[in-house]
Every structure is written in structure tokens, then in C-alpha cells.
Amino acid sequence: MIDIENLSKSFDARTLWRNVNFTVNRGEMLALVGPSGSGKSTLLNCLGLLDKPSGGAIRYEGSDITRFGRRETLRFRRDTLGYLFQHYALIENATVDENLEVVTKLRRPLKGKASTAIAEALDRVGLAGRGTEKIHHLSGGEQQRVALARLLLQRPALVLADEPTGALDEANTTMVVGILREMSKDGCAVVIATHDADVRNRCDAVFAVHESSLVGSPHPEAVHSHPAPAG
Ligand SMILES: Nc1ncnc2c1ncn2[C@@H]1O[C@H](COP(=O)(O)OP(=O)(O)OP(=O)(O)O)[C@@H](O)[C@H]1O
């Protein structure tokens, strides 16, 4: 679905990564691992059109999205991408429901009313009945789960998740990864930057940023026999 071709990123004299090539298909969940500072978030930001690569192409349905103009970029972000990033990107002073209504106003729920779809999404992430609470009253892990409920309502084709379990305990980590897995089974492609070995082990493919290159394999057996560098 999305093909990354010879992607590179440099800042001044420093090359973060180069010759990055991989494909993510619908139904796949892929982990990006590597030491802190190796450039995982920057790679996700390039895929999410929040940063520009220095070279190469990111093809989605044949188009190189790095060459999109402003209007196409906004449309692609709105219609195709879903972000699950470290700072949640929620409206702090609004309620949980108000944050989720932003999505249901743009995208109708698959079935039934928006309020029912919002309640179902909150139930799925373990926050049933919390819709009237203000975001800034929630813990970091709860805010992360509101961001996940937002993704469930949005139903994007490509989910980009940056350390989605960093603020979560084990039970919630299992739930978040389980929901991302279900979204991939429903036909979405998921790319997760993570330091968490449990998250990595539940992915279909693992790619490691290592000495400015991306190394890895789409076959978990091969990944297990050549472990990615710890990150
Ligand atoms: N706009 C920029 N200009 C200069 N350097 C930058 C810029 N953006 C990121 N960097 C640098 O690129 C490096 C990689 O950062 P990035 O956040 O992508 O790493 P990471 O692998 O996600 O790290 P972590 O696992 O700690 O989140 C860092 O050293 C960062 O300072």
C-alpha cells in the first residue's frame, strides 16, 4: 500500500538514515526499532507528512506523497492518516466527547449515531462513561487511550504510532496493541516506533535503524534468529 523508496534524511552534515526501502501493506503491522536518537520518530514524521525527507520517495497508490502541495497534504492527512503520537494531539481544555466529535463531524460513523459510536469507542479503550471529563484531568495513559478511541472512529488507511505504549502499564499496553492489531486485520496498515520488546514481538515485521540504515525482515522467524539491536 505504501512504498518507501531510497528515503534519506540529513541535518546539516549529519545523515540520520539513508537508502531506506520498505513496503507496508494493508493488514500489516510493522515495528520500527533502534536506539534513542536513531531517527525512528523522524521517519514516522516523514511518512505522516510532518517532516520532509532529504531524498527518495514515499509512494501511496502510485503517487509520491512527498511531492504533494499544501491542499493534497491536508487532504491526505485528514482522509488517510491516523496518528498516535507521544503528545496525543488532543484539545486539552475540551472534554473527551468534544475531542471525539471533531472526528465524527468529519467522518460519519459506519452505523448509527455519532454519540453511540463515541460511546462504543470509549468502551473499547476501557473509558466507558468518561466522555464528559476534561482532557487535562486525565492521566497520560488515559489520554493515550482517548487518542486511540479517536483512531477507531477515524478508521484511517495508515496508522503511525510513536511509542504508543510508553505511558501505559502492562494491561493497557496489551489492550492498545490488541486494538492496533484489530485495526490492521480490518485492512489498515500500522507502523509503530517502539522500544517495547512485547510490542515488537506482536508485529508482522521488524525494521531496525542501525548505523543510518534500515535493516530488518518481513518474516518474524528471520527477525527472531537475527535480533534487532536493543533500543
Ligand atoms: N529538525 C531537526 N534538526 C536537527 N536535528 C533534528 C531535527 N529533528 C530531529 N533531529 C535529530 O534527529 C535525531 C533523531 O531524532 P528522533 O526523535 O527521530 O529519534 P528516535 O529514534 O525517535 O529517538 P527516541 O527513541 O529517543 O524517541 C535526534 O538526534 C534529533 O535531535
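We count ligands from 1, going down the list as the structure has it; atoms in each ligand are counted the same way. Numbering starts at 1 and runs along the sequence shown.
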Mark up the atoms of ligand 1 that fall under 4.0 Å of a heavy atom belonging to P35, in ascending order.
-> 21 (O)
For residues L30 and D204, determine if any side-chain heavy atom of one lies less than 4.5 Å from a side-chain heavy atom of the other.
-> no
Would you be so kind as to tabulate the donor-acceptor pairs closer than 3.5 Å made by side chains of residues 67-74, with sequence neighbours excluded?
{"residue": "R67", "atom": "NE", "partner": "D64", "partner atom": "OD2", "Å": "3.3"}
{"residue": "E72", "atom": "OE1", "partner": "G69", "partner atom": "N", "Å": "3.2"}
{"residue": "T73", "atom": "OG1", "partner": "G69", "partner atom": "O", "Å": "2.8"}

Determine, using heavy atoms of S38 and all atoms of ligand 1, whether some pair is separated by less than 4.0 Å.
-> yes
Please name the pair of heavy atoms, one in Q154 and one in R78, separated by the smallest distance, quoted to 0.1 Å.
-> NE2-O, 3.8 Å
Could you tell me which atoms of ligand 1, counted from 1 in the order shown, lie closer than 4.0 angstrom to a heavy atom of K40?
-> 18 (O), 19 (O), 20 (P), 21 (O), 22 (O), 23 (O), 24 (P), 25 (O)
Within reach of ligand 1, part of E163 (heavy-atom separation under 4.0 Å) | neither
Nearest-option assignment for atom 23 (O) of ligand 1, heavy atoms, candidates S10, G37, G34 = G37
Donor-acceptor side-chain pairing of D198 and N201 below 3.5 angstrom = no
Is it true that a side-chain atom of Q144 and a backbone atom of T165 form a donor plus acceptor pair closer than 3.5 Å?
-> no
So if you build clusters from Ile, Leu, Val, Met, Phe, Trp, Tyr with side-chain heavy-atom gaps below 4.5 Å, do I118 and V102 land together?
-> no
For ligand 1, which atoms have a heavy atom of G39 less than 4.0 angstrom away?
-> 14 (C), 16 (P), 18 (O), 19 (O), 20 (P), 21 (O)
Judged by heavy atoms only, the candidate from T42, V209, D162, N45 nearest atom 16 (P) of ligand 1 is T42
